[in-house]
Amino acid sequence: MTYRTEHCGDFNEGQIGTDAIASGWTARRRDHGGLVFIDLRDRSGMVQLVIDPEHAPAALEVAQAIRVESVIRATGKVVARAPETVNANLSTGAIEILVDTLEELAPSDPLPFQLDDEGVDEALRIRHRALDLRRDVMRETQYVRTMTTRLIRRYLEDRGFWELETPILTKSTPEGARDFVVPARLEPGSVYALPQSPQLFKQLFMMGGYERYYQIARCFRDEAQRADRQLEFTQLDLEMSFVTRDEILELTEGLYCALWQEILGVELPRPFPRITHAEAMLRFGSDKPDLRYGLEIADVSALVANSGFSVFKGAVEKGGAVRALSCPGAAALSRRELDELAEFAKEWGGQGLAYLLLDPSGEIRSPIAKFLSEDELAGIVAATGAQPGDAVFLAADSPAVVVRVLGALRPHLAARYELADPKAWAMLFVVDFPLFGYDENEGRWVAEHHMFTAPRAEDEDRIESDPGSVLSEAYDFVVNGSEIASGSLRINRPELQERVFRTVGFSDEEAEDRFGFLLRALRFGAPPHGGIAPGIDRTVMLLVGTESIRDVIAFPKIAGGFDPLTDAPSPATPEQWRDLGLVVPPPKKQDA
RNA sequence: GGGGACGUAGUUCAGUUGGUUAGAACGCCGGCCUGUCACGCCGGAGGCCGCGGGUUCAAGUCCCGUCGUUCCCGCCA
């Protein structure tokens, strides 16, 4: 007995006249009373079975009783289709299998949803994920995923990287995301944490002298989920010793060119642009700008510093900024739409949004035009590159608020006017991030990237005196406005690491308690090293063109971290609570 | 934690200014059908309109609450 002489999608004209055995799922059945057609599907594709009552009466009875998605096995012969019955939409459409025997290996119940239905409730799809995974789009996505990791491994192995493992049960660390915590049975009251990333372990590999490490690593962060964020996700984590920033960026660039070339057949132009964080914030209002469209922000503060419009003049006098961007075609916006944009600006912390509408004739319509001189108007138009038919939007406030408002407005307008070419790829590296940011809530400095990121050598002496001015060796890889990877050169001297710990408010005791294992290792000679960690899920999202991370994860969680497939998380038993030395908390809420 | 949208048959949806017995398509069940490929034709079953409360002579429809899903803000070194 054998289940198949060929996979469904691999039957071909060269096999006409040969015996065939095929197994798979009943994708569709077309019953003509006498004659029955079955589309038989497996991972490779589909082939049509024909059950002819005169040829195989027993098989006909089986065929007529089979429900869709049942698993069956057919024996027969590969035969050519009559020319008028060839199906050009099917790779196997020139042939079919004339069935001798048909056997139902495992029947299917009626389905909870149809596999070809669009927009089926996601919780239902995930609850029946084994069914959902049979859909072509899901299978293709998971195949892109396997191609991605396969190519990553080949690319990095070819360049001397070792694939090394790091612990899943590890130490809870301060800063960063909320840890997932695992109670330690053998040490009641103590916990392990699941890694937010293998960051420190990969650094220890470098200190161990292993030069080049990578891992397709699962990472865990107990934070709110988003369309592109999942409680557990997968990173390509890599680290290199005796390496410069540009060598890491070039490696990343080469990897993504190889991925796009091999999976999409797209040749990405090299090198990928590199802009500084400061420039990105100024020109695009974002540290992950989408460069598929313009809408570039222009600073017109100097132009309007003495204007008759008090809002502009006042903002500049108070040390603020007036910045503007022009949007193609937006001069036709209605009053209501303009009001909505002003409302949008307020939601992002602005006072409102000033605008100039450039009529097709070139004439400027604007409530604030009467406060501005001809020169000022012309200067704004020139600075933003606005053309007749465009609208110029202006925000005046503190620089931080202006960046925030226009940074939000830019993608908002791009979406509204469909300015991003859906087939375009805009890769870039953002470099020179600040080392520290000031946390207003906590009233202290915090690491912008993480605490192990090296400051630029030329800024090192200002760590204590002016932390906000210190730039770091951190960088991001951004594609189409989405942060795909983040990395940095790391600190490799213990005294520098201690200075950074102190700056973010750690006493020496706390630092030793939390990161003693790192400091201990640093004291025995750490090589200069650095790395980067591209998100595998987000990379696959780009490759298959989806907006939802749940589409690229085989078994994802939905809102609230709930898994409709397994119903996890589920209550622990009293025995489990007792073993862990924990008190049973009251239930959070009753079911509706 | 906050805001927006959504919740009607197994699935995807419609349901008028509140007004007879809540509809369609697909699926399911039964029947017919020998060249279909989203096969076709005939018939049938299937509804706590998410849940609770309120307004009203009358609620799928209006109001409040709640639960769930989703997108966003906060958060995500």
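Lettering follows sequence order; numbering is per chain, from 1.
Electrostatic pairing of A:Lys288 and A:Glu483 does not count as a salt bridge here, judged by no charged N lying under 4.0 Å from a carboxylate O. Between A:Arg41 and A:Glu69, at least one side-chain N (NZ, or NE/NH1/NH2) sits under 4.0 Å from a carboxylate O, which counts as a salt bridge. Looking at A:Arg336 and A:Glu340, a side-chain N of the basic residue comes within less than 4.0 Å of a carboxylate O on the acidic one, giving a salt bridge.
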For a side chain to side chain donor-acceptor pair (under 3.5 Å) check, start with the C-alpha distance between A:Ser197 and A:Gln235, then their side-chain angles and the critical distance, and finish with the verdict. CA-CA 8 Å; A:Ser197 83; A:Gln235 281 188 345; 5.1 Å; no
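Side-chain nitrogen and oxygen atoms of A:Arg404 include at least one within less than 4.0 Å of the OP1 or OP2 phosphate oxygen of B:G74. Side-chain N/O atoms of A:Arg30 include one lying less than 4.0 angstrom from OP1 or OP2 on B:C39. A close approach under 4.0 Å does occur between a side-chain nitrogen or oxygen of A:Arg67 and OP1 or OP2 of B:C29. The phosphate of B:C71 has OP1 or OP2 within less than 4.0 Å of a side-chain N or O from A:Arg550.
Taking atom CD1 of A:Ile51 as the reference point, atom P of B:G35 lies 15 Å away to the nearest angstrom. The distance between atom CZ of A:Arg229 and atom C1' of B:C71, rounded to the nearest whole Å, is 13 Å. At whole-Å resolution of the value, CD in A:Gln64 and C1' in B:U34 are 11 Å apart. For the pair A:Arg81 CZ and B:U36 C1', the interatomic distance rounds to 9 Å; values are reported in whole Å. Rounding to whole angstrom units, CD1 of residue A:Ile38 and P of B:U36 are separated by 17 Å. We find that CD of A:Glu223 is positioned 14 Å from P of B:C73, with the value rounded to whole Å. We find that CH2 of A:Trp348 is positioned 12 Å from C1' of B:G3, with the value rounded to whole Å. Residue A:Phe344 contributes atom CZ, which lies 10 Å from atom P of B:C73 at whole-angstrom precision.
The separation of B:G23 from B:C73, taken at their C1' atoms, amounts to 40 Å, rounded to a whole angstrom. Separation of the C1' atoms belonging to B:G54 and B:G18 is 15 Å when rounded to the nearest angstrom. When the C1' atom is used for both B:G15 and B:G60, the distance is 8 Å, rounded to whole Å.
Figure legend. B:U34 is base-paired to no nucleotide; pairs are counted as Watson-Crick or G-U wobble with both atom distances under 3.5 Å. When both distances must be under 3.5 Å, the Watson-Crick or G-U wobble mate of B:A14 does not exist. As the counterpart of B:G47, no nucleotide is assigned, since no Watson-Crick or G-U wobble pattern has both distances under 3.5 Å. Pairing partner, B:A5: B:U69, with both Watson-Crick or wobble hydrogen-bond distances short of 3.5 Å. Base pairing analysis places B:C76 opposite nothing; no Watson-Crick or G-U wobble pair with both distances below 3.5 Å involves it. With both pairing distances under 3.5 Å, B:U61 is matched to nothing as a Watson-Crick or G-U wobble pair. Base pairing annotation: B:A22 forms no Watson-Crick or G-U wobble pair, as no partner gives both donor-acceptor distances under 3.5 Å.
Aromatic ring orientation, A:Trp445 versus A:Phe436: perpendicular (interplanar angle above 60°, classes split at 30° and 60°).
A distance cut-off of 5.5 Å between ring centres, combined with a plane angle under 30°, leaves A:Phe113 outside any stacking arrangement with the base of B:U11. The aromatic ring of A:His32 sits over the base of B:C39, with ring centres less than 5.5 Å apart and planes tilted by under 30°.
Listed nucleotides: B:U34, B:C76, B:U12. Nearest to the side chain of A:Glu54: B:U34. Residue A:Ala227 has its side chain nearest to B:C71 when only B:C33, B:C71, B:G74 are considered. For A:Arg226, taking side-chain heavy atoms from C-beta onward, the closest of the listed nucleotides B:G27, B:U36, B:C72 is B:C72. Closest contact between the side chain of A:Asp117 and the listed nucleotides B:C75, B:U34, B:U11 involves B:U11. Comparing B:C73, B:U34, B:C37 by their closest approach to the side chain of A:Asp52 singles out B:U34. Among the nucleotides B:C37, B:U70, B:C28, the one closest to the side chain of A:Thr85 is B:C37. Candidate nucleotides B:U11, B:C76, B:U36 were compared by shortest atom distance to the side chain of A:Ala177, and B:C76 ranks first. Nearest to the side-chain atoms of A:Arg221 among the listed nucleotides B:C28, B:C37, B:C76 stands B:C76.
Each of A:Arg28, A:Arg29, A:Arg30 was checked for a side chain to side chain donor-acceptor pair (under 3.5 Å) with A:Asp39, and the lone residue meeting it is A:Arg30.
The base of B:G35 is paired with the side chain of A:Glu96 by a donor and an acceptor separated by under 3.5 Å. At a cut-off of 3.5 angstrom, counting only N and O atoms as typed in the model, there is no donor on one side facing an acceptor on the other between the side-chain of A:Glu84 and the base of B:G35. Below the 3.5 angstrom threshold, one finds no donor paired with an acceptor across the side chain of A:Arg29 and the base of B:C39. Donor-acceptor pairing under 3.5 Å, judged by distance alone, is absent between the side chain of A:Arg28 and the base of B:C37. In this model, a side-chain donor or acceptor of A:Gln48 finds a partner on the base of B:U36 within 3.5 Å.
A side-chain donor-acceptor contact under 3.5 Å links A:Thr101 and A:Thr75. For the 3.5 Å distance criterion, the side chains of A:Thr166 and A:Gln215 qualify, holding a donor opposite an acceptor.
Heavy atoms from other residues, nucleotides or ligands lying under 6.0 Å from CZ of A:Arg43 number 12 at most.
If you check every strand for non-hydrogen atoms under 4.0 Å, A:Asp31 touches a base. Nucleic acid contact for A:Leu90: none, since no nucleic acid atom lies under 4.0 Å from a heavy atom of the residue.
Each of A:Gln114 and A:Leu35 was matched to the nucleotide of RNA chain B holding its nearest heavy atom; the match closer to the 5' end belongs to A:Gln114. Heavy-atom nearest nucleotides on RNA chain B were determined for A:Gly560 and for A:Phe452, and the one closer to the 5' end corresponds to A:Gly560.
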